[in-house]
Amino acid sequence: MSEAHERCFTEARINGLTLRNRLIKSATFEGKSPGGVPSPELLRLHERIGEGGVGMTTLAYCAAEADGRIHENQLYMHEGIRPQLEQLIDRVHRTGARVAGQLGHCGNFSKNREFQGRRPLGPTRAINPLGLTYGLPFAGALTVSQIRERVQVFAQAAAFMVDVGFDAIEIHFGHGYGISQFISPRTNRRTDQYGGPLVNRVRFGLEVLEAVRRAVGDRFPLLGKISMTDGVRGGTSVDDAVEIAGMLESGGLDVIVCSGGTSSMNPMLLFHGDSMMPGLIEQEKNPLMKLGIRLAGKRMFREYPYRETYFLDSARRIRERVRCGVCYIGGVCTGESIERVMSEGFDFIQLGRSLLFDPDFPRRVQEERGHRNGCTHCNRCATLIDAPGGILCPLKPENFELPAA
Ligand SMILES: Cc1cc2nc3c(=O)[nH]c(=O)nc-3n(C[C@H](O)[C@H](O)[C@H](O)COP(=O)(O)O)c2cc1C
C-alpha cells in the first residue's frame, strides 16, 4: 500500500473533529428541498453517501437567511426545518460519517419568488440577470449598516447550525455568491472601506469569518470554499487567491477548499467537461430565459475540456502559502488522482460528481488502489438542480432512490 493511499484512509482531524478518512463529499446543491424543506430524498442521498465511506458529507447551500437564497426551494437556517436537519445529521452519523453544512448567501444573485426585501443587495448596484423574469431585475448596494446586519445574519445562522448538530461549517467565499461578490473587483466597485484594494474587498468576508468564529467557538471546525480565480476579465487571479488564503488563515479558518469559477459568469470553470448549456436550455421553462441562455451561451459557457485534477497547479500555490488545512477539489475520479493529491500534502479531498456517479467510490478505492470512477463529466447532473425531483446521475439514476417501503 502506498503511503499516500494509507494517509487518505487513516483518521484525520479538523480542529478537534475526527474524520474516518480524508475524503469529503463536496456541496452539490441537490434540488431536493421543495419549498425550502429537506425532503426524504435529500436525507437518503446524504445517508447513502455516508454508507459509501466518505469521512464527511456537506449539505449544500444552507442560506444564512430567507433572502439569502437563490430561489425559494433552497434551505435557509431557521427553526422551521430543525427536525429534518436533525434527522439528516443523525442518519449520516449512523453510517460513521460526519456532516458539514455549507453556509452562504446569494447576495445580488437571486430569482427567489418569495423574496421579502425590495431587491437583492450586494456590494454595488447591478443588473440581476437571473431575476429578470422573476420581478427582481435590479440589485442594490448594501449600506455599511446593512453590511453589519448581514454579518450578524451569518453569525446567527452558524449558531443555529451548531445547535442543530452539524459537525462543521463550510463558509462559501467563492463561485460569485454573496461574499465573493465583494472579493471580486469585477462585481465590487465600492469606494468605501469595503471596496478598492484587495484588503478592503476581503473585509466583508473576514468580518463574516470573525463573527461566525465568535458564534461557534474556538473548537468548532470551520472550512471555507474560495474561488482561486473568478475566470472573468477584471476578476480575481490566482495571485489574489494566494493572498486571500493567507488572510483567511489569519482570520481563523481551519481548512481552505480551493475551487474556482463564477456561477453567474463562468460556471464551466468550476466543472470542466461537457457544456451545461444544452441541458439548461432543455430544463428552462421560461421562453425568455431560454433565449437569454442561448444569447449569453458561448460567452458564458466556455470550453474547459475535462482532465483529472484540473485545479492542482493553482491549489498547490495555496498549499505552499498557508499552514492551515487545505482541501483539494476538482476532477478527482481515480485512485491514482487521490494518491497524487495526498502525496502533495493536501489535507483533504472533496468529491462531487464522482460520488453522484458512485457513492461507494471511497470504499472501492480503499479496497483497490487503481480503481477508476465512471463519471463522464457530461455535467447533466448540474443542469438538473432546478428540475422536479432534483439531481441524479443520468448514467446511474437509481443511485439515491428511496428504498421500497
Ligand atoms: C449538481 C451539482 C451541484 C453543485 N452545487 C454546488 C453548491 O451548492 N455549492 C458549491 O460550492 N458547489 C457546488 N457544486 C460544485 C461542486 O461542489 C464542485 O466544486 C465541482 O463539482 C467540482 O468537483 P468534482 O470534480 O469533484 O465534481 C455543484 C456541483 C454539481 C455537480
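Side chains are part of it too, since the values below use all heavy atoms of this structure and drop only hydrogens, waters and symmetry mates. Order of appearance sets the numbers: ligands from 1, and atoms from 1 within every ligand. This is a predicted model, so every value here is computed, not measured.
- For atom 5 (N) of ligand 1, the closest non-hydrogen atom on the protein side is Phe29 N, 2.8 Å.
- Inter-residue side-chain proximity for Cys62 and Tyr76 is flagged as unmet; no heavy-atom pair is nearer than 4.5 Å.
- Gln102 OE1, 2.9 Å is the protein heavy atom nearest to atom 9 (N) of ligand 1.
- Residue contacts with ligand 1, taken as heavy atom pairs separated by less than 4.0 Å, involve Lys225 solely via side-chain atoms from C-beta onward.
- Scanning the protein heavy atoms around atom 30 (C) of ligand 1, the nearest turns out to be Phe271 CE2, 3.7 Å.
- At a heavy-atom cutoff of 4.0 Å, ligand 1 is contacted by no atom of Asn379, backbone or side chain.
- Between Val332 and ligand 1, no pair of N/O atoms sits closer than 3.5 Å.
- In summary, the atoms of ligand 1 found under 4.0 Å from a heavy atom of His175, numbered by their order in the structure, are 10 (C), 11 (O), 12 (N).
- Contact check on Arg317 versus Asp239 returns a salt bridge, with a Lys/Arg side-chain nitrogen under 4.0 Å from an Asp/Glu carboxylate oxygen.
- Ligand 1 has Cys381 within reach: a non-hydrogen atom of the residue lies less than 4.0 Å from it.
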Asn15 and Arg219: side chain to side chain donor-acceptor pair (under 3.5 Å), yes or no, with the steps?
-> CA-CA 6 Å; Asn15 194 357; Arg219 299 301 286 162; 2.8 Å; yes
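- Residue-ligand proximity, Leu270 to ligand 1, at heavy-atom distances under 4.0 Å covers atoms 15 (C), 22 (C).
- Among all protein heavy atoms, the one lying closest to atom 18 (C) of ligand 1 is Ile329 CD1, 3.5 Å.
- Ion pairing between a basic and an acidic side chain is recognised when a charged N comes within 4.0 Å of a carboxylate O; Glu367 and Arg364 show no such pairing.
- With salt bridges taken as basic N to acidic carboxylate O contacts below 4.0 Å, none links Arg319 and Glu344.
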Using the ring pair (Phe, Tyr, Trp, His ring centres under 6.0 Å) rule, take His71 and Phe29 through it: C-alpha gap first, then chi angles, then the decisive distance, then the call.
-> CA-CA 12 Å; His71 55 71; Phe29 176 66; 5.7 Å; yes
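- Near Leu351, meaning under 4.0 Å from one of its heavy atoms, ligand 1 places the atoms 26 (O).
- Near Gly331, meaning under 4.0 Å from any of its heavy atoms, are these atoms of ligand 1: 24 (P), 25 (O).
- Nearest non-hydrogen protein atom to atom 22 (C) of ligand 1 is Tyr310 OH, 3.4 Å.
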I would like to know whether Thr187 and Gln181 meet side chain to side chain donor-acceptor pair (under 3.5 Å); could you show each step before the answer?
-> CA-CA 5 Å; Thr187 45; Gln181 289 159 17; over 6 Å; no
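- Residues Ile24 and Thr58 have side chains in contact (heavy-atom distance under 4.5 Å, counting atoms from C-beta outward).
- Of the protein's heavy atoms, Ala27 O, 3.5 Å lies nearest to atom 7 (C) of ligand 1.
- Classification of the His105-Phe154 ring pair by plane angle, with boundaries at 30° and 60°, yields tilted.
- In terms of protein heavy-atom proximity, atom 1 (C) of ligand 1 is closest to Ala382 CA, 3.6 Å.
- If you check which protein heavy atom lies closest to atom 26 (O) of ligand 1, you get Gly352 N, 2.8 Å.
- Within the listing of ligand 1, atoms 8 (O) sit less than 4.0 angstrom from a heavy atom of Ala60.
- Between Arg44 and Glu47, at least one side-chain N (NZ, or NE/NH1/NH2) sits under 4.0 Å from a carboxylate O, which counts as a salt bridge.
- Taking only nitrogen or oxygen atoms, main chain and side chain alike, Glu170 does not reach within less than 3.5 Å of ligand 1.
- Using the six-membered ring where Trp is involved, His272 and Phe311 have ring planes that are perpendicular, over 60° apart on the 30 and 60° scheme.
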